[in-house]
**Student:** 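Got a structure for you, written out below as structure tokens; questions coming shortly.
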Amino acid sequence: MLKFSLFVMLFWLFGNPFIAILVLLILLYVLDRRFVGITPSFVKPLKRISRIKKLRQQINQSPNEVSAKHELARLLIERKKYKEALQWLEPLQNTLEDSAEYWDDLGIGYLHNGDEERFAASTLHGLKLNPRVKYGAPYLRLAAYYSNGRAEQALAYIRDFQTINSSSCEAYDQLAAIYKKLGNNQEARSAIDEGLRIYRMLPRYKKRQERKWAVRLYFKKVKG
């Protein structure tokens, strides 16, 4: 009803239904980005592309800039250019051998280039250097990987993650999916309920970060 009333007001202002719909969609997008955070950002990819361009120029001028190469590789991973990211990451092994973040990034590169053995080895090495690296996100990546056929191992990694980050709705979403694969529907429902309970208890700033996963949990609950 509110959206319809807003549309009527915009139609009255602009006198054109197509412009009114366009403005309404823009308003809804802005409000979502400001208060909800479900829709993707259109600005962030543009900033990423600009930063990649600057890093390439920086590396051309200073070929030994290790931090610039690592940042470039991370941004390429965000753009899903995993093959190129791996080409930047592999030569840095000796220089960044003590960086847990580097080993996790390297593991992501290997995973998406089909080298699953090196993915697991690199990710676990990063966790050995720092079990709390990236707030435990590597554990979820391992859990997602092992959930296809090795569910018990996947559950173990989710539990490892929860010892570090117990307020993650993403973890409960994956936990519910893994229990579903195991055919344990009761445990899956319990994971969904627990994830939604935790979401309701989160502070406002944290809710915005976790809202995407809370929505997924809600729809899983509705579907039963």
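Positions are given from 1, in the same order as the sequence printed here. Note that these values count all heavy atoms, side chains included, but never hydrogens, waters or copies made by symmetry.
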**Student:** Does the side chain of Lys220 come within less than 4.5 Å of Tyr172's, by heavy atoms?
**Tutor:**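 The answer is no, as the side chains (C-beta and beyond) never meet within the 4.5 Å cut-off.
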**Student:** Distance only, no hydrogens: is a donor on one side chain within 3.5 Å (strictly under) of an acceptor on the other, for Lys69 and Asn64?
**Tutor:**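 Distance-only check fails for Lys69 and Asn64.
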**Student:** Do side-chain atoms of Thr123 reach the backbone of Ala120 as a donor and acceptor pair under 3.5 angstrom?
**Tutor:**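 No, Thr123 side chain to Ala120 backbone: no donor-acceptor pair under 3.5 Å.
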**Student:** Is it true that Gln162 and Arg159 share a donor-acceptor pair across their side chains at a distance under 3.5 Å?
**Tutor:**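 Side-chain D/A pair, Arg159 to Gln162: absent.
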**Student:** Got a salt bridge between Glu71 and Arg74, using NZ or NE/NH1/NH2 to carboxylate O under 4.0 Å?
**Tutor:**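 The answer is no: the pair does not qualify as a salt bridge.
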**Student:** Between Arg48 and Glu78, is the closest basic N to carboxylate O distance under 4.0 Å?
**Tutor:**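 Counted as a salt bridge, because a side-chain N and a carboxylate O are separated by less than 4.0 Å.
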**Student:** Under 6.0 Å from the NZ atom of Lys181, do we count more than 12 heavy atoms belonging to anything else shown?
**Tutor:**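 More than 12 heavy atoms, drawn from other residues, nucleotides or ligands, come within 6.0 Å of this atom.
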**Student:** Please report the shortest heavy-atom distance between Gly136 and Phe161, naming the atom on each side.
**Tutor:**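 The pair with the smallest heavy-atom distance is O-CD1, 3.0 Å.
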**Student:** Heavy-atom distance under 4.5 Å between the side chains of Trp88 and Leu76, does that happen here?
**Tutor:**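 Heavy-atom side-chain distance check passes, below 4.5 Å.
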**Student:** So, the side chain of Ser50 versus the backbone of Leu46: is there a donor-acceptor pair under 3.5 Å, distance only?
**Tutor:**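 It does not hold such a pair.
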**Student:** Is the shortest heavy-atom distance from the side chain of Cys169 to the side chain of Leu217 under 4.5 Å?
**Tutor:**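 Yes, at least one pair of side-chain atoms sits under 4.5 Å.
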**Student:** Does some side-chain heavy atom of Tyr139 sit less than 4.5 Å from a side-chain heavy atom of Pro131?
**Tutor:**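 Yes. Closest side-chain heavy atoms under 4.5 Å.
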**Student:** side-chain contact (heavy atoms from CB on, under 4.5 Å), that's the test. Do Leu89 and Tyr102 meet it? Break it down for me.
**Tutor:** CA-CA 8 Å; Leu89 287 168; Tyr102 164 76; 3.8 Å; yes
**Student:** Is the backbone N or O of Arg132 less than 3.5 Å from a side-chain atom of Asn130, with the two atoms forming a donor-acceptor pair by type?
**Tutor:**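 Checked: pair present.
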**Student:** What's the spacing between Ser190 OG and Arg197 CZ if we round to 0.5 Å?
**Tutor:**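 Result: 12.0 Å between the selected atoms.
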**Student:** Any donor-acceptor pair under 3.5 Å linking the side-chain atoms of Arg189 with those of Tyr179?
**Tutor:**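 On atom types as modelled, these side chains do not qualify, holding no pair under 3.5 Å.
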**Student:** If we ignore angles and hydrogens, is there a donor and acceptor under 3.5 Å between the side chains of Tyr157 and Gln174?
**Tutor:**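 Distance-only check fails for Tyr157 and Gln174.
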**Student:** Could you tell me whether Glu210 and Arg204 make a salt bridge, using a distance below 4.0 angstrom between a side-chain N and a carboxylate O?
**Tutor:**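 No.
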**Student:** Does the plane of the ring in His112 sit parallel, tilted or perpendicular to the ring in Tyr82? Use 30° and 60° as the thresholds.
**Tutor:**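 Correct class here is parallel.
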**Student:** Would you call Lys134 and Asp105 a salt bridge, using N to O less than 4.0 angstrom?
**Tutor:**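 The answer is yes: the pair qualifies as a salt bridge.
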